[in-house]
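Naming: A, B, ... by sequence-line order, numbering from 1 per chain.
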Amino acid sequence: MSSGTLYDKVWDLHRVADLPGGSTQLFVGLHLIHEVTSPQAFAALEEKGLRVSCPDRTIATVDHIVPTTSQLRPFADPLAEEMLSTLEKNCQKHSIKLFGIGSGNQGIVHVIAPELGLTQPGMTIACGDSHTSTHGAFGAIAFGIGTSQVRDVLASQSLTMNKLKVRRIWFDGKLSQGVYAKDLILHVIRTLGVKGGVGFAYEFAGPAITSLSMEERMTICNMAIEGGARCGYINPDSTTFNYLKGRVHAPNATSWEQAVQWWQSLCSDETAIFDDEVKFDATQISPTVTWGITPAQNIAVDAKIPKPQSLKDSERLIAEEAFSYMKVKPGEPICGLPVDVCFIGSCTNGRISDLRAAAQVVQGKHVAKGIKAFVVPGSEQVAQTAEQEGIHNIFLEAGFEWREPGCSMCLAMNPDKLEGKQISASSSNRNFKGRQGSSSGRTLLMSPAMVAAAAIKGKVADVREILRESQTY
Amino acid sequence: MSINTSFPKGVIKKISGRCIVLHGDDIDTDRIIPARFLKCVSFQDLGEQVFADDRTELKGMHPFDITSNKGASILVVNDNFGCGSSREHAPQALMRWGIRAVIGQSFAEIFYGNCLALGIPCATTSKDMVNNLQAAIKHYSQKILELDLNRNSAYFNGVNYPISIESGALEMLTTGQWDATTQLIAQKDSLERVISRLPYLNNFEDKIKTYPRN
Ligand code: SF4
């Protein structure tokens, strides 16, 4: 059993009671809600005649169903409109802060909470959304929950949970040029498998991790869930504190020093015991692309799609399914595979540094003929910053569409969808069958810079080559 | 159609009501509530949508449509009921139609747990007993079945059918602890204690500045 890790310390501090059957009642420090998973929970709460117990620890936004072209109300889709107006009514009734469209702070829930300084080290954070693991980047214990747990958290600001084991994932070295946080986490998922993290919290550590920015750290923790780990986290350090300082909901000047002291005391001890430990070398990682229907089915951009005989027995069946669904051939290179749609956005890679990295690739070039390419900022703040920096113009001049913030084509619960067998280069996090809105649509996951490269070439391309070419001018 | 709105509450020891029989093994949650009904803002309409596709196919002849079954509250099924995806909507839909207990040969584990969380016992009995009970209900469809959890029995038309409920579930139902929300709220003092010692909820005051503290 682990001890002395950040996970253990935060768990202990938030433990309310031990419940019959061996589970723990855990206090939730920050509860994030959105329009898709909260309405039924509010309805269930009201059926029981209960009220929201800590409205000031509950924050709402709207992201999944918002259109990214016109966000004028009422939305064209009546169900989407109903979901948002239900959220608005619930928030008003229960005095919950809602960051709605046009507030200047609306956006994908996992983008706005860090941006506003709501996400802080040492908190427990829950949201009815599996990518809540994102917030672990700050040294919080953050996890996704189901509808009945959303109801429980609304009612009691707590939930029942079983303690996870802790696996430390250590990265030596440093990422090379053209290789990003997205490539690093895809590499982890390929190595450990999509179910490798079931029952674990992942602690990401080591020199390659500490040298990452907060936004890169969020990309990594965001996808911990795709590796089966319900939460992933990184010990807070000066990068974390510098990011938080001055944000609206971060501790103010009078309590800042005390806050930092407390946050530092939560870091995993040098003598901490982990249930498991895995080591990687960051210098070995290349730009990475998925070729299949799970995030683990990925390879380096300059590698070939694996042949069934090179795979483990357990991977073969799903690989066969992937070959036929994706219409890719084992043994062929992934580089050069033509794409139809290029999507930059989502809670994995829709932040300002993601857009900057993609813009760097796109600058002075043009989207290949016949390709639909679009950028969806993760939040209104990201959009505003990008527009101030002129990044949106770089995209527009290159032939990209510049959209309004939301989840967009990450899961297509809104008008942004693939059509028919279209294949997308996507900076999102799931390449499941049908995920992007068409039951035969196909998704290649990659970093935003790689999506930009694919848009320019009209096919999967090695972003390192484009970056090298640009530098010789 | 009127939906029964008095949902299970508190201690559950005895349930009595008329029965509704649904024949077939391996009835999965997709059949109980088809996926397209999942994108909704409340569970409210689920009662009317329960078994929607099967009912459309049977054009009014499905057990959940037959007039004499209206108002029934005890569902009697066969083997491996509730298999398939883990959707919480399936027991919700049954509960909203009016079901308060299910008797069958066996149940899928997640479905069983989701029912328990709503205060709906899933009682098991042997294959023969299920068949006998289903046959008896066919003849005496308006009679009341009495399910007595503590006595492990289902009493119907003068016959005692032995049933069993997993011991953990039995304890939770008969002590009222199946209701997680109520359990959590009951710990008010412990919750307050946690809130008062968390630095980020107390302006990071000096007295609680580093981990660990007492
Ligand atoms: S961007 Fe995608 S993964 Fe993230 S919250 Fe939205 S739908 Fe979920």
Side-chain angles (χ1 to χ4, degrees), chain A residues 9-10 12-17 19-21 25-27 29-30 35-36 39-40 42-45 47-48 50 53-54 57 79 82-83 85-87 120-123 146-149 151-160 251-252 254-266 413, chain B residues 5-9 36 38-46 86-89 91-92 95-96 110 113-114 117-118 168-169 171-172 175 177-213:
Chain A
K9 297 180 194 181
V10 175
D12 284 350
L13 283 168
H14 292 80
R15 207 172 68 204
V16 177
L19 300 172
Q25 178 174 1
L26 198 69
F27 178 78
L30 177 65
E35 76 284 11
V36 178
Q40 297 167 346
F42 276 109
L45 189 77
E47 271 172 9
K48 283 183 177 275
L50 298 170
S53 80
C54 299
R57 299 309 301 165
L79 190 54
E82 193 191 351
M83 282 185 174
S85 55
T86 306
L87 180 69
Q120 294 170 20
M123 284 182 174
T147 302
S148 51
Q149 285 179 310
R151 177 203 60 205
D152 289 349
V153 179
L154 288 173
S156 71
Q157 201 61 29
S158 68
L159 41 66
T160 56
N252 60 22
T254 38
S255 46
W256 181 256
E257 286 306 320
Q258 251 110 289
V260 170
Q261 231 176 12
W262 183 64
W263 293 338
Q264 281 168 330
S265 74
L266 296 172
M413 261 187 126
Chain B
T5 47
S6 80
F7 297 134
K9 251 201 210 113
R36 65 178 180 283
L38 305 187
K39 199 177 157 189
C40 56
V41 293
S42 87
F43 285 131
Q44 222 134 46
D45 299 331
L46 291 177
S86 66
R87 62 187 61 152
E88 290 166 38
H89 299 64
Q92 280 279 355
M95 179 180 81
R96 274 155 214 279
I110 297 174
N114 285 340
L118 293 176
E171 192 194 324
M172 286 168 84
T175 57
Q177 292 181 13
W178 55 272
D179 179 359
T181 319
T182 311
Q183 290 289 302
L184 293 172
I185 299 172
Q187 307 285 349
K188 208 168 179 333
D189 293 347
S190 307
L191 274 164
E192 292 297 338
R193 198 161 50 240
V194 170
I195 291 172
S196 70
R197 71 174 189 210
L198 280 170
Y200 64 86
L201 298 178
N202 296 281
N203 293 318
F204 297 94
E205 283 164 23
D206 242 353
K207 61 179 167 48
I208 41 178
K209 85 185 157 193
T210 53
Y211 177 93
R213 296 155 330 238

Please classify the contact of A/Leu50 with chain B as side chain, backbone, both or neither, using a heavy-atom distance under 4.5 Å. side chain

Partners meeting side-chain hydrogen bond (donor to acceptor under 3.5 Å, both in side chains) with B/Asp45 (sequence neighbours left out): none

To the closest 0.5 Å, what do you measure between NZ (B/Lys188) and OG (A/Ser156)? 11.0 Å

Max heavy-atom pairs within cutoff under 4.5 Å with chain A, candidates B/Leu184, B/Val194, B/Thr181, goes to B/Leu184

Need one label for B/Asp189: side chain, backbone, both or neither, based on atoms under 4.5 Å from any heavy atom in chain A. neither

Of all the heavy-atom pairs spanning B/Asp179 and A/Lys48, show the shortest one and how long it is. OD1-NZ, 3.0 Å

Can you tell which part of A/Thr86 gets under 4.5 Å to a heavy atom of chain B, answering side chain, backbone, both or neither? side chain

The interface call for A/Ala155 against chain B, heavy-atom contacts under 4.5 Å, is both

Against chain B, work out which of A/Gln120, A/Arg15, A/Met123 has the most heavy-atom pairs shorter than 4.5 Å and name it. A/Met123

Closer than 4.0 angstrom, basic N to acidic O: yes or no for A/Arg151 and A/Glu47? no

Considering only heavy atoms, which portion of A/Arg57 lies under 4.5 Å from any heavy atom of chain B: side chain, backbone, both, or neither? side chain

B/Phe204 versus A/Pro251, closest heavy-atom pair with distance: CE1-CG, 3.5 Å

Between A/Glu82 and chain B, with a heavy-atom cut-off of 4.5 Å, which part of the residue counts as in contact: side chain, backbone, both or neither? both

Among A/Leu13, A/Val153, A/Val16, A/Leu159, find the one that has a side chain to side chain contact (heavy atoms under 4.5 Å, CB included) with A/Phe27. A/Val16

What part of B/Gln92 lies closer than 4.5 angstrom to a heavy atom of chain A: side chain, backbone, both or neither? neither

Sequence neighbours excluded, the answer for side-chain hydrogen bond (donor to acceptor under 3.5 Å, both in side chains) partners of A/Ser53 is none

